[in-house]
There are 2 protein chains.
Amino acid sequence: MRLTTKGRYAVTAMVDLSVNQGRGPVTLKSISDNQGISLSYLEQLFSKLRKSSLVTGSRGPGGGYVLAKNVDEINIAEIVLSVDEVLDITECEGKQDCKDGERCLTHGLWDELSVQLYGFLSSVKLGQLMRQSGINHPGSLGNRQFVDSPLLGKQYNEVN
Amino acid sequence: MRLTTKGRYAVTAMVDLSVNQGRGPVTLKSISDNQGISLSYLEQLFSKLRKSSLVTGSRGPGGGYVLAKNVDEINIAEIVLSVDEVLDITECEGKQDCKDGERCLTHGLWDELSVQLYGFLSSVKLGQLMRQSGINHPGSLGNRQFVDSPLLGKQYNEVN
DNA sequence: TAATAACCCAGTAAAATAGTAGGTTATTAC
DNA sequence: GTAATAACCTACTATTTTACTGGGTTATTA
């Protein structure tokens, strides 16, 4: 599970579709203008989002993209995975010659962390992000950290 | 908050230090051999880990690196942030001319998600990863997903 | 039939990741 | 002291990924 600005672009664009839901299709041109992302780059991202059945496009005037599913049936993980390939194949797994144990150990651990991360991101639905849009302007977060998010509620517990 | 193989390397190396704790300093050479990461690249990563006060190095024969803090006082987030710069500065935030609201909205939302992610990763301590090393060989995860991780326990709740 | 906007493809520019190569300095063991 | 070790440092290169550019075509609407 990788997480870069590419996935961020995709999530941002999907939120754009969410807030404009019901007002007809959203053109990539408008997202491009709003978010400052190049049109052609957006086309590439939406090609993947479309192939993942997250959006549906319609051509011609008045056309654009709409969400293919309900905002509460789309989670952040599938958006990110749709555009961010998940490669990260380690030599170890490929060769299967890790008899000293050390190598597999750490790889296995990271995999576990990846699964947890995926679990976390898949638990956050697009609808949640969208509905909280009103109270999430820059700076509204202040110095708060870690827990008690007004956006997602009690998603996890502090360990110590 | 970015998450790439670079951060994975760092976490992997830190777990290596954890399991060898008490057995004296660990050389980068041994980590290089174990994990298949170039020595000089590791040196660059450890330079950052050292500046973040996560490890301390000792020179000469018998030297190497040890953890600067207890395994339960080091979390995954600080390891990742130590090597993965957190730039991701958006035009919007820099210019502060986002009066249409649309732009700030999505940016603020992503920031919120970043904070959540940071909270999640900072709740996982190095010690947890280390102690579970015995039961986390590749394939032990099976098809399990999302919740009920034997590694981290109940870290978060599914939303719906 | 003209405008629109998705859809497609090939290439380039920029950035980040990963590695290479050469050092120096401090420490230990002989 | 001297040799080996291993951190520590710097600059450069290769590779990969990210992001953008520029050209199309196809379907749809007015």
Side-chain angles (χ1 to χ4, degrees), chain A residues 1-13 17 20 24-33 35-52 54-68 80-91, chain B residues 1-13 17 20 24-33 35-52 54-68 80-91:
Chain A
M1 184 104 202
R2 189 171 297 173
L3 199 68
T4 64
T5 46
K6 196 179 184 180
R8 170 186 172 149
Y9 277 170
V11 173
T12 297
L17 293 201
N20 286 300
V26 177
T27 66
L28 294 189
K29 180 72 171 57
S30 75
I31 297 179
S32 173
D33 290 341
Q35 317 292 349
I37 310 169
S38 91
L39 180 60
S40 231
Y41 192 45
L42 275 173
E43 281 178 341
Q44 287 169 39
L45 296 181
F46 271 79
S47 171
K48 292 184 176 179
L49 291 171
R50 195 173 56 85
K51 277 161 187 162
S52 301
L54 295 175
V55 298
T56 53
S58 53
R59 300 184 184 190
Y65 285 98
V66 291
L67 297 178
V80 171
L81 287 178
S82 169
V83 298
D84 255 326
E85 352 272 287
V86 78
L87 284 164
D88 279 17
I89 298 161
T90 56
E91 299 173 47
Chain B
M1 181 108 200
R2 188 171 294 169
L3 199 67
T4 65
T5 47
K6 196 178 184 182
R8 170 186 173 150
Y9 276 171
V11 173
T12 297
L17 293 200
N20 285 299
V26 178
T27 66
L28 294 188
K29 180 71 172 56
S30 75
I31 297 178
S32 174
D33 291 342
Q35 318 291 350
I37 310 169
S38 90
L39 180 59
S40 231
Y41 192 44
L42 275 174
E43 283 179 339
Q44 287 169 42
L45 296 182
F46 271 79
S47 171
K48 292 182 178 179
L49 291 171
R50 194 173 56 85
K51 278 161 187 163
S52 301
L54 295 175
V55 299
T56 51
S58 53
R59 301 184 181 189
Y65 284 97
V66 293
L67 298 177
V80 172
L81 287 179
S82 168
V83 297
D84 256 327
E85 350 273 289
V86 76
L87 282 165
D88 281 15
I89 297 162
T90 55
E91 298 175 48

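First the proteins, then the strands, lettered A, B, ... as listed; each starts at 1. Worth knowing before you read on, the calculation uses all heavy atoms, side chains too, and leaves out hydrogens, waters and symmetry mates.
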Check nucleotides 26-30 of chain C for protein N or O atoms closer than 3.5 Å to its own N or O atoms and list the pairs.
from	atom 1	to	atom 2	distance (Å)
dA26(C)	O4'	Arg59(B)	NH1	3.0

query = In whole Å, what is the span from the NZ atom of Lys51(B) to the C1' atom of dC9(D)?
reply = 9 Å
task = Could you tell me which non-hydrogen atom of Lys48(A) sits nearest to which non-hydrogen atom of Ser82(A), and how far apart they are?
result = O-OG, 3.3 Å
request  = Tell me which nucleotide among dA6(C), dC9(D), dG19(C) gets nearest to the side chain of Ser47(B).
outcome  = dC9(D)
inquiry  = So Leu28(A), base contact, sugar-phosphate only, or nothing? Heavy-atom distance under 4.0 Å.
reply    = sugar-phosphate
Whole-Å distance separating the CD atom of Gln44(B) from the C1' atom of dC8(D) = 12 Å
inquiry  = Can you measure Leu39(A) atom CG to dG24(D) atom P for me and round it to whole angstrom units?
reply    = 17 Å
ask   = Just by modelled atom types, is the Glu43(A) backbone N or O under 3.5 Å from a matching donor or acceptor in the Ser47(A) side chain?
value = no
query = Once you round it to whole Å, what is the distance between C1' of dA6(D) and CG of Leu17(B)?
reply = 14 Å
remark   = Regarding the side chain of Lys6(B), the nearest nucleotide among dT17(C), dA6(C), dA7(D) is dT17(C)
message = Once side-chain hydrogen bond (donor to acceptor under 3.5 Å, both in side chains) is applied, do any residues pair with Ser32(B), and if so which ones, sequence neighbours excluded?
response = none
ask   = With a 4.5 Å heavy-atom cut-off, do Ile31(A) and Thr12(A) have their side chains touching?
value = no
Partner residues of Lys6(B) under the salt bridge (charged side-chain N to carboxylate O under 4.0 Å, His left out) criterion, sequence neighbours left out = none
ask   = Taking only residues two or more places apart in sequence or in another chain, which ones pass side-chain hydrogen bond (donor to acceptor under 3.5 Å, both in side chains) with Ser38(A)?
value = none
ask   = Over how many whole Å does the gap from Leu42(B) atom CG to dG19(C) atom P extend?
value = 9 Å
request  = Choose from dA16(C), dA6(C), dA18(C) the nucleotide whose nearest atom is closest to any side-chain atom of Thr27(A).
outcome  = dA6(C)
Heavy-atom closest contact (Leu3(B) atom, Asp84(B) atom, distance) = CA-OD2, 4.3 Å
key: Arg50(A) vs dC8(C): side-chain N/O to OP1/OP2 distance below 4.0 Å   = yes
request  = Specify the separation, in whole Å, of atom CD of Gln35(B) and atom P of dG19(C).
outcome  = 13 Å
ask   = So, do Leu28(B) and Ile37(B) sit near enough that their side-chain heavy atoms are less than 4.5 Å apart?
value = no
5'-most by nearest nucleotide on DNA chain C - Glu43(B) or Lys29(A) = Lys29(A)
inquiry  = From the set dT18(D), dT17(C), dT20(C), return the single nucleotide nearest to any side-chain atom of Ser40(B).
reply    = dT20(C)
request  = Please determine, for the side chain of Thr4(B), which listed nucleotide (dT17(C), dA6(C), dT18(D)) has the closest atom?
outcome  = dT17(C)
ask   = Partners of Thr56(A) by side-chain hydrogen bond (donor to acceptor under 3.5 Å, both in side chains), sequence neighbours excluded?
value = none
task = Using the six-membered ring wherever Trp is involved, compare the ring planes of Phe46(A) and Tyr65(A) and label them parallel, tilted or perpendicular (cut-offs 30° and 60°).
result = tilted
message = Stem list for DNA chain C, please, built from Watson-Crick and G-U wobble pairs under 3.5 Å and keeping only runs of at least 3.
response = C:1-30 with D:1-30
task = Have a look at Phe46(B) and say if it touches a base, only the backbone sugar-phosphate, or nothing, with a 4.0 Å heavy-atom cut-off.
result = nothing
inquiry  = If you only use heavy atoms from C-beta on, which nucleotide in dT17(C), dC7(C), dC20(D) is closest to the side chain of Tyr65(A)?
reply    = dC7(C)
Nearest-Å distance for atom pair CG/P, residues Asp84(B) and dT17(D) = 15 Å
note = Separation of dA5(C) atom P from Asp33(A) atom CG, nearest Å, is 11 Å
